[in-house]
Structures are given as structure tokens and as C-alpha cells.
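Just so you know, these numbers use all the heavy atoms, side chains as well, and skip hydrogens, waters and symmetry mates. Here the structure is a predicted model, which means the values were calculated and not measured.
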Amino acid sequence: MTEQRPVTDTAARPVPTLPDAQTVTAVQHYTDKLFSFRVTRPASLRFRSGEFVMIGLMGDPHPETGKQKPLLRAYSIASPAWDDELEFYSIKVENGPLTSKLQHIQPGDQIILRPKPVGTLVHDALLPGKRLYMFATGTGFAPFASLLREPETYERFEEVIVTHTCRDVAELTYGANLIADLKQDEMMIELLGQDALDKIRYYPTTTREKSDKMGRITTLIENGDLFTDLGVPPLNAQDDRAMVCGSLAFNKDIAALMEAAGLHEGANSEPGEFVIEKAFVG
Ligand code: A2P
């Protein structure tokens, strides 16, 4: 039986004290460098799956004035646009001004969330196509966690190929669990349809720790392994669309490969064949 609380018991609800405060509802740690968390969603916040917002905490008090300023960073929203809560996937950087603190949040704590979503990893910035590639490294998986739970992804594409490259196997956990759960979750099957979920082709690779598939995705595109492993034709501008999210160097290298295959970068104002966003790094 569930516990019954009197309706007058509001003590459990923390009173927002930060500007644009949202309350943490869940936190999960994957490795000593990676964690995800969920927060309440402002009632007025509308966003497109794949977009990012600025989130953070109050910084340390100024040594002389004692004043505190918000410490904010861009974070892709990892939950889909229809979700009641917001999910984020984050790195923990030992001396990172924000993540060294953010990694200690607990349910009930507050974070700051500026409700102004923006970004180019959105369906509006891509021309229609047959196959959608999602190329992620590290925490660059976050926007795809949103887009993989977005019905439009499957309405627009016949096949959805998700590549995720990390140094070690444990760093793949968030993405691997998300896709495995998605494929068996009854609510998601009802919402997206079994046919939609069958369109997902997950292609995880590692570069430092041994795993079933090793190598940078850029190398696996160049040597053709990605296409032979999945049994799909090489990249072509007519059928293929791509969304890219990783480090600056990764994004640059993938962009060069997309352009070499004849794909053009798109933007909200001018949709194209591929779009790019930098993953939050520290
Ligand atoms: P590698 O181990 O060969 O550097 P990081 O943890 O540094 O953000 O990297 C995440 C993953 O992305 C690692 O597996 C890394 O491979 C890979 N990676 C980093 N830079 C590039 C790049 N320019 N092109 C392709 N993959 C990259």
C-alpha cells in the first residue's frame, strides 16, 4: 500500500530559492566520470527534441563582497519534448568549475535552469531522407537520448543508425541501457510503435578498452567497416542524413567526412543533410 500523506503536508516540497530553480528528482552515476540526472520541468518550457539549455548552480561567494553569481553551462536536454521531467547526461571534471559541484547533487536539491532552449540537432534543420545517422562520442550521446524517444525521428526515417564511441566499455552504459530499455518499455512501444523501435541500429565502439567493435567511428567510416558491418550502402547525399555531437575535433573530422560524401551542413534557417553540435565538455 502506498503511504498516504495529508494534503496540507507541503514540507516535503523545497521552496525555490534560486532564480529559475528546478528540483532534482533522480541521479544516477555510471562511472567516476559520468552521471545523469532528472529535474522538474518548468510548466512554460517548450523545446524541440535535440535542443539544449543553460543549466548550473550558484558559484562560490566572492571573497570580498560575498556575492554569488550563477555558474551556467550549455547542456543538451536528454529527455524527449513530451516528457514531464527533464533529463541531463553529464561528465564529471575534477576541477571543472561546474561539474565538480554538480556531480554531488541529490534528489531534492535545486539547480538553475534558464528556460531558453536552442540548438541545431533538430529535425527542422535536416532535409527529408531515408536513413538517419546519429554520430556521438562521450556525453555527445545526450541529444540522441532525446531524439531516440521522439516519435518524429521514426516518422521521418526508415532506419536510425546510432553510433557511440567512448574510450571504455563502462562509458557506453548510459546509451546502451537507454536503447535496451527503449526497445522493451511497454509505454515506449505503445508511443513509438514496435516498427519504429525496430528501425534503431545501435553501433557502439571503444577506442582504448577491448570490446566487440573497436576503433574511432571516423576510421570505421573511412575503412568502410561501419557500412559492411550494418549491411548498408556507403554514405550518399540522396538517402543519408546525419546528426553529430562530440568534441570539437570529432565534429570537425566527421564534418569533413560528410562533406566528402556530398552532404551539406544544415541549420534551422536552411535545412541540410547533416547538422552538428558540440557536446558539453567541462
Ligand atoms: P581516442 O581514445 O582514440 O581519443 P574523449 O573521452 O577524449 O572525449 O573521447 C571520446 C571518444 O571519442 C574516444 O573514444 C576518442 O577516441 C574519440 N575521439 C576523440 N577525438 C576524436 C576524433 N577527432 N575523431 C574520432 N574520434 C575521436
Side-chain angles (χ1 to χ4, degrees), residues 28-36 76 78 87 89-92 121 130-149 153-154 157-185 188-189 192 194-236 239-247 249-258 260-261 274 276-277 279 281:
Q28 198 173 345
H29 293 266
Y30 303 94
T31 69
D32 58 349
K33 294 207 180 71
L34 294 167
F35 72 116
S36 70
S76 288
E87 183 175 316
Y89 180 46
S90 180
I91 195 163
K92 308 175 201 174
L121 293 189
K130 187 170 164 189
R131 210 173 283 117
L132 176 62
Y133 283 92
M134 298 177 172
F135 292 115
T137 60
T139 55
F141 189 86
F144 303 132
S146 172
L147 286 155
L148 281 166
R149 292 179 276 186
T153 301
Y154 308 97
F157 295 96
E158 291 172 23
E159 216 169 355
V160 179
I161 297 171
V162 191
T163 86
H164 191 196
T165 304
C166 293
R167 297 178 182 200
D168 308 328
V169 175
E171 293 171 348
L172 293 166
T173 308
Y174 172 74
N177 289 357
L178 187 128
I179 291 176
D181 292 349
L182 191 59
K183 289 191 172 222
Q184 326 172 350
D185 185 312
M188 297 305 298
I189 294 171
L192 303 172
Q194 188 63 53
D195 290 354
L197 296 169
D198 290 344
K199 293 180 182 181
I200 303 175
R201 315 275 313 268
Y202 176 49
Y203 193 82
T205 81
T206 57
T207 49
R208 312 234 177 155
E209 188 184 358
K210 200 162 169 5
S211 71
D212 290 348
K213 192 74 205 181
M214 293 199 62
R216 287 181 164 199
I217 197 69
T218 42
T219 309
L220 301 167
I221 293 172
E222 280 173 312
N223 68 17
D225 267 21
L226 172 65
F227 313 108
T228 39
D229 287 347
L230 295 174
V232 295
L235 286 171
N236 72 86
D239 296 331
D240 294 328
R241 301 292 172 261
M243 292 178 161
V244 182
C245 191
S247 64
F250 171 73
N251 289 359
K252 196 163 147 271
D253 290 351
I254 287 269
L257 290 172
M258 296 302 118
F274 76 95
I276 288 199
E277 204 112 83
V281 279

(message) Between Tyr154 (side chain only) and Leu148 (backbone N and O only), is there a donor and an acceptor less than 3.5 Å apart?
(response) yes

(message) Holding to salt bridge (Lys or Arg N to Asp or Glu O under 4.0 Å), I want the full list of residues that pass it with Asp239, two or more places apart in sequence or in another chain.
(response) none

(request) Test side-chain contact (heavy atoms from CB on, under 4.5 Å) on Ile189 and Asp185 and set out the steps. (result) CA-CA 6 Å; Ile189 294 171; Asp185 185 312; 5.8 Å; no

(message) Can you tell whether the side chains of Glu171 and Arg208 come within less than 4.0 Å, N to carboxylate O?
(response) no

(request) With rounding to the nearest 0.5 Å, note down the distance linking NZ in Lys33 to SG in Cys166. (result) 11.5 Å

(message) What verdict does the side-chain contact (heavy atoms from CB on, under 4.5 Å) test give for Thr163 and Ile221, after you've listed the backbone C-alpha separation in whole Å, the side-chain angles of each residue and the deciding distance to 0.1 Å?
(response) CA-CA 11 Å; Thr163 86; Ile221 293 172; over 6 Å; no

(message) Checking Thr205 against Thr165: is there a side-chain donor and acceptor pair closer than 3.5 Å?
(response) yes

(request) First locate atom CD1 of Ile217, then atom CG of Asp253, and finally report the distance between them rounded to the nearest 0.5 Å. (result) 13.0 Å

(request) Write down the atom of Thr137, the atom of Gly246, and the distance for their closest heavy-atom approach. (result) OG1-CA, 3.3 Å

(message) Between the side chains of Arg131 and Glu159, is the shortest nitrogen-to-carboxylate-oxygen separation below 4.0 Å, so that they form an ion pair?
(response) yes

(message) Any non-hydrogen side-chain atom of Val162 less than 4.5 Å from a side-chain atom of Arg201?
(response) no

(request) For the residue pair Phe135 and Tyr133, categorise the inter-ring angle as parallel (less than 30°), tilted (30 to 60°) or perpendicular (more than 60°). (result) parallel

(message) Whether the side chain of Thr219 engages the backbone of Gly215 through a donor-acceptor N/O pair (distance < 3.5 Å, no angle test) should be reported.
(response) no

(request) Identify the heavy atoms of His164 and Leu172 that sit nearest to each other, and give their distance. (result) O-CD2, 3.5 Å

(request) Would you confirm whether Asn223, through its side chain, and Asp225, through its main-chain N or O, come within 3.5 Å as a donor-acceptor pair? (result) yes

(message) Is it the case that the side chains of Tyr30 and Ser36 hold a donor-acceptor pair, with the cut-off being a distance below 3.5 Å and no angle test?
(response) yes

(request) Supply the atom-to-atom distance Gln28 CD to Thr173 OG1, rounded to the nearest 0.5 angstrom. (result) 9.5 Å

(message) Please evaluate residues Asn251 and Glu277 with respect to the criterion side-chain contact (heavy atoms from CB on, under 4.5 Å), reporting the C-alpha separation (whole Å), side-chain torsions for both, the decisive distance (0.1 Å), and the verdict.
(response) CA-CA 8 Å; Asn251 289 359; Glu277 204 112 83; 5.7 Å; no

(request) Give the C-alpha distance, both sets of side-chain angles, the deciding distance and a yes or no for side-chain contact (heavy atoms from CB on, under 4.5 Å) between Met243 and Ile276. (result) CA-CA 6 Å; Met243 292 178 161; Ile276 288 199; over 6 Å; no

(message) I'd like to know if Lys213 pairs up with Asp229 as an ion pair, taking the criterion as any Lys NZ or Arg NE/NH1/NH2 lying under 4.0 Å from an Asp or Glu carboxylate oxygen.
(response) yes

(request) For Tyr89 and Ala78, work out which heavy atoms get closest and say how close. (result) N-CB, 4.5 Å

